[in-house]
Participant: 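Sending over a structure as structure tokens; questions will come in a sec.
In what follows, every chain begins at residue 1, and chains take the letters A, B, ... in the order their sequences are listed. Below, each value reflects all heavy atoms present in this structure, side chains not excepted, and no hydrogens, waters or symmetry copies.
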Amino acid sequence: MYSVVYILDGLVHNSGLEVPAWSLEGLRAAATQLRLPRPRSLAWAILLNALPPPNADIVASRNTSTAGQKPPPLYATMNNSPLASTSCSLFNPLQVLLRVQPSKKVVTATRKSAKCESEHELAHNQGSNFACGLRTHRNFYNDMKAKLSMDPRTVIGDDPLSQNDESAWNQHFCDNELKALILQDVVRTFPDELYFRDKDVQDMMVLSLFYWARAHAHVGYRQGMHEVLAPLLLQLRHDTRHAPRDLSNTLKYILDEEYLEHDSYMLFSAVMKGLEKFYTTGDVVPSSCGRLPVSTVVHNPNEVVRYLDKVRDECLAPLDSDLAAHLTQCNISMELFGIRWLRLLFGREFPRAELPALWGFLFADGPLLPHIHYVIVAILIAIKPTLMSEDPGTVLSALMRPVRLPAAHAVALALHLRRPLEHPRPAPPPQDTTHEQEWSLEQRGYANAGSDSGSEGVAEGADIARSLAALGLLRAQLPPAAAALARELPAAPPRIAVPLQTILKLAALLECRNHALIDVETALEAAEGATVERIGRRAVVPVIINTKPREKPVAKAKEVPLKVFHQAECANSDLPYLDPLRLRTE
Amino acid sequence: MTTSAGGAYNFKVVLLGEGCVGKTSLLLRYIEDKFNDKHLTTLQATFLNKKININGKRINLSIWDTAGQEKFHALGPIYYRNSNGAILVYDITDEDSFVKVKNWVKELKKMLGPDIVLLIAGNKIDLEHERTVPLEEAESYAAMVGAKHFYTSAKLNQCVEDLFLELAKEMMEKFEQNSQKEVNRTSRVLVVDDEAPAQSSCCGGTRSN
């Protein structure tokens with residue numbers, strides 16, 4: 001009981017939530033309301049069944065386990081964990097023993113000896129199922145790493161030129177090819193996130209993805225997986241970095257940054273348990289090098305396509321037949337956008353800051369993500385005004401861009417669609433549909449036209465480009481809109497007159513082109529969250545940016561060339577065979 | 001897909017090629033005149049519209065930018081089906097990517113027959129000193145399959161505009177030819193079509209036939 005409470009103490013201290021919040025039910029409820037307690041990465045692991053929840057039930061059954069009524073929940077959970085289906089049992093004596101139906105005595109003994117190996121837990125080893133589960137994952141990862149990183153030079157009698165499938169050398173070359181394939185995507189992970197420019201982080205990601213691909217040969221590595229791993233890494237890193245100093249030893253062990261690689265693999269495997277089916281390609285199975293075979297003419301439609309067709313026919317069509325029919329009429333099938341939505345768990349549809357809450361919501365239903373289709377349908381219905389456009393090009397473009405929709409709204413709508421009686425339909429989010437229609441590529445070009453000089457040599461290219469785009473849009477559309485408003489309200493009541501005057505002043509400020517540079521600076525300061533009060537009048541500009549049309553996401557507008565890949569980096573690479581690739585990127 | 005209602009042509013174009021050869025960069029340069037050497041990996045495919053005007057004729061290009069790794073994947077056909085034109089991109093510093101172009105040509109010819117206009121683009125000529133795909137090999141291959149060959153650099157903005165312009169022109173010609181054929185067929189007159197004259201481009205594009 002003791003160390004579980006201890007953990008909870010730490011968590012409570014951390015999050016300010018009640019103890020019951022860390023039961024599975026409590027976490028589910030919190031996740032559904034987008035209020036997942038921190039550390040979120042631990043909460044995710046519990047929701048995804050990768051780690052047992054530190055709750056009273058487990059403590060109780062652990063205490064009675066020697067009586068032997070039923071296996072302790074820790075083991076039960078482990079059996080359901082994604083790792084149990086892999087070769088985990090080879091490395092984990094507990095699993096092996098479980099598989100051969102051991103006598104209760106043996107289980108108890110093994111568990112005790114396994115537990116005592118950990119110096120971290122000597123003090124609290126009675127109830128720390130949580131840390132124990134985590135340690136099992138970490139050991140598993142180490143063992144897998146050792147097994148899959150075998151040096152072919154140590155294999156006696158193997159020939160580097162052997163084409164034999166079982167040749168260690170052949171496997172070695174295949175592995176390097178697969179790593180190179182993965183690296184191609186990894187170096188392009190979240191270009192605006194500095195963390196992923198770190199070569200060590202990139203190599204770590206390559207390894208995690210590589211091990212997963214090797215352990216799941218029927219799926220292999222597919223593009224997109226790196227963008228599932230990346231948000232998990234960010235969250236884990238955030239949780240370890242921002243943990244309070246006065247942690248218990250157990251919690252220190254749990255939130256140890258040393259194990260970032262191990263723990264990210266654990267979370268990734270747990271998430272992939274549900275996503276795997278969206279990545280497989282029917283009858284096409286990747287080779288051991290990760291390459292997909294040359295196409296044959298006829299393919300079985302793969303699972304994700306079937307799934308998406310089903311979502312359209314059985315979920316979208318009954319809920320909104322107009323929309324379903326219109327998409328069909330525009331010849332837009334669900335897979336054109338749905339595969340990306342599913343494979344990345346909506347990672348490109350919503351701002352990155354909103355992802356942790358959204359993912360918590362998705363994970364709340366367990367690792368198989370059984371209700372994810374409601375989110376798909378909710379997004380489609382929420383952006384229906386845009387999607388009903390007559391021009392198929394406009395509709396497609398809208399589906400290719402990030403959806404301009406708060407994740408909270410999509411979630412609330414998804415809940416409503418799933419259980420209309422329990423969850424009322426959320427009010428539509430403030431949407432500027434008029435602007436949406438006019439937001440063509442030409443305008444994007446215009447909005448960015450002035451940005452080239454402004455953003456030169458500034459690191460945060462994407463943010464600045466977006467801010468400038470927003471500013472350009474404001475400059476183009478706010479003054480006429482404000483003028484029209486003033487025309488319609490010639491004798492406005494005082495409560496309206498004052499804000500109207502403010503808007504008109506701002507519009508006038510925007511129309512003055514000479515202020516271009518001042519505006520940019522102010523916008524940048526605002527974007528960085530700096531206090532701009534002291535600079536007086538200029539500070540008003542960001543106020544509009546926040547209250548007027550939401551920032552227009554400018555797809556692929558990160559034009560500031562940041563040299564990231566230097567040849568020099570190759571010098572001390574752990575992955576010697578990847579060098580040509582790095583050179584090429586440079 | 002190809003209609004000239006209201007005097008505007010609608011053409012579907014697909015960009016195909018190995019991962020990391022610069023498909024998205026070419027498109028980004030063409031549509032927004034921007035270059036950025038670190039953008040996201042394209043997943044599945046993205047879609048962009050571009051309206052252009054050639055000799056007073058309005059052309060609406062619907063361009064599909066596909067993901068490199070998805071090339072031989074069950075979903076390939078949904079992007080190139082009904083395409084009027086395809087740009088097959090390879091990286092001049094990566095021989096494998098040129099092999100992939102050959103595979104694509106085979107697949108497209110098999111699936112779509114002669115109705116699709118093919119262009120081949122050797123991208124990244126800013127890395128000329130690292131070239132591994134021999135100039136002659138690429139050009140003679142392109143000539144053999146009847147595709148014009150362009151050397152492009154999305155980074156230095158070389159020949160990108162010409163590439164898409166040439167594609168648009170050829171698609172227009174093909175469209176005119178096909179409608180001409182329709183007319184001829186109905187009037188039972190047999191006409192042997194001459195291929196459109198080869199047009200020179202700034203990049204020394206060559207073309208057979």
Side-chain angles (χ1 to χ4, degrees), chain A residues 181 184-185 187-192 197 222-224 226-227 281-284 291-295 297 299-302 305 333 335-337 339-340 343-344 348 391-394 396-397 399-400 440-442 444-445 448 461 554-565 581 583-585, chain B residues 1 10 12 18-21 24-25 27-29 31-51 60-65 67-79 81-82 91 93-94 97 100 103-104 106-107 110-111 124 127 130 132 155:
Chain A
L181 187 77
Q184 247 184 13
D185 292 330
V187 295
R188 294 189 276 178
T189 309
F190 298 162
D192 50 340
R197 305 282 74 78
R222 305 295 310 279
Q223 286 188 317
H226 64 299
E227 281 185 46
T281 42
D283 49 354
V284 187
R291 301 272 174 192
L292 291 167
V294 174
S295 69
V297 178
H299 290 285
N300 293 335
N302 56 49
V305 176
S333 51
E335 66 255 29
L336 288 183
F337 55 92
I339 294 180
R340 188 182 68 247
R343 286 191 180 167
L344 301 188
R348 288 195 187 172
D391 172 28
T394 309
L396 254 183
S397 304
L399 290 166
M400 291 297 152
S440 62
L441 276 167
E442 288 79 9
R444 251 194 290 174
N448 283 317
V554 181
K556 304 167 190 153
K558 299 139 198 142
E559 77 281 299
V560 178
L562 280 187
K563 291 237 169 149
V564 190
F565 318 114
L581 207 118
L583 290 172
R584 186 146 68 85
T585 331
Chain B
M1 285 285 152
N10 284 311
K12 179 176 168 184
E18 170 83 309
C20 260
V21 297
T24 305
S25 293
L27 193 58
L28 198 61
R29 174 59 85 185
I31 304 267
E32 298 190 3
D33 195 18
K34 288 192 166 61
F35 179 78
N36 172 13
D37 53 5
K38 38 176 210 123
H39 51 71
L40 294 167
T41 307
T42 307
L43 280 161
Q44 300 299 311
T46 53
F47 170 84
L48 285 166
N49 255 324
K50 173 91 175 177
K51 292 185 172 70
N60 187 15
L61 297 179
S62 305
I63 309 174
W64 281 97
D65 175 23
Q69 207 204 336
E70 295 299 327
K71 55 200 173 295
F72 296 124
H73 170 241
L75 293 168
I78 66 173
Y79 301 115
R81 200 169 47 204
N82 300 324
D91 172 355
T93 69
D94 177 8
S97 72
K100 295 287 149 45
N103 289 342
W104 267 121
K106 264 184 235 154
E107 174 156 353
K110 186 161 117 197
M111 303 299 289
K124 306 197 187 175
L127 302 176
E130 291 173 32
T132 56
K155 190 170 187 173

Participant: Tell me the closest heavy-atom pair linking Ala45(B) and Met400(A), and the distance in Å.
Facilitator: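 Here Ala45(B) and Met400(A) meet closest at O-SD, 3.5 Å.
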
Participant: Ignoring hydrogens, what is the shortest heavy-atom contact between Gln223(A) and Ala67(B)? Give both atom names and the distance.
Facilitator: OE1-CB, 3.6 Å

Participant: Atom CG in Leu396(A), atom CG in Asn49(B): separation rounded to 0.5 Å?
Facilitator: 8.5 Å

Participant: Please list, chain by chain and in numerical order, all residues satisfying side chain to side chain donor-acceptor pair (under 3.5 Å) with Asp33(B), sequence neighbours excluded.
Facilitator: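 Partners of Asp33(B) by the side chain to side chain donor-acceptor pair (under 3.5 Å) criterion, ordered by chain and then number, come out as Arg29(B), Asn157(B).
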
Participant: Taking the side chain as every heavy atom from C-beta outward, state whether Leu399(A) and Phe47(B) have any pair of such atoms under 4.5 Å apart.
Facilitator: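 Not in contact.
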
Participant: How far does CG of Leu43(B) sit from CD1 of Ile339(A), to the nearest 0.5 angstrom?
Facilitator: 10.5 Å

Participant: Does the side chain of Thr46(B) come within less than 4.5 Å of Phe337(A)'s, by heavy atoms?
Facilitator: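 No - every pair of side-chain heavy atoms lies 4.5 Å or more apart.
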
Participant: Would you compute the distance between atom CD of Glu335(A) and atom OH of Tyr79(B) and round it to the nearest 0.5 angstrom?
Facilitator: 7.0 Å

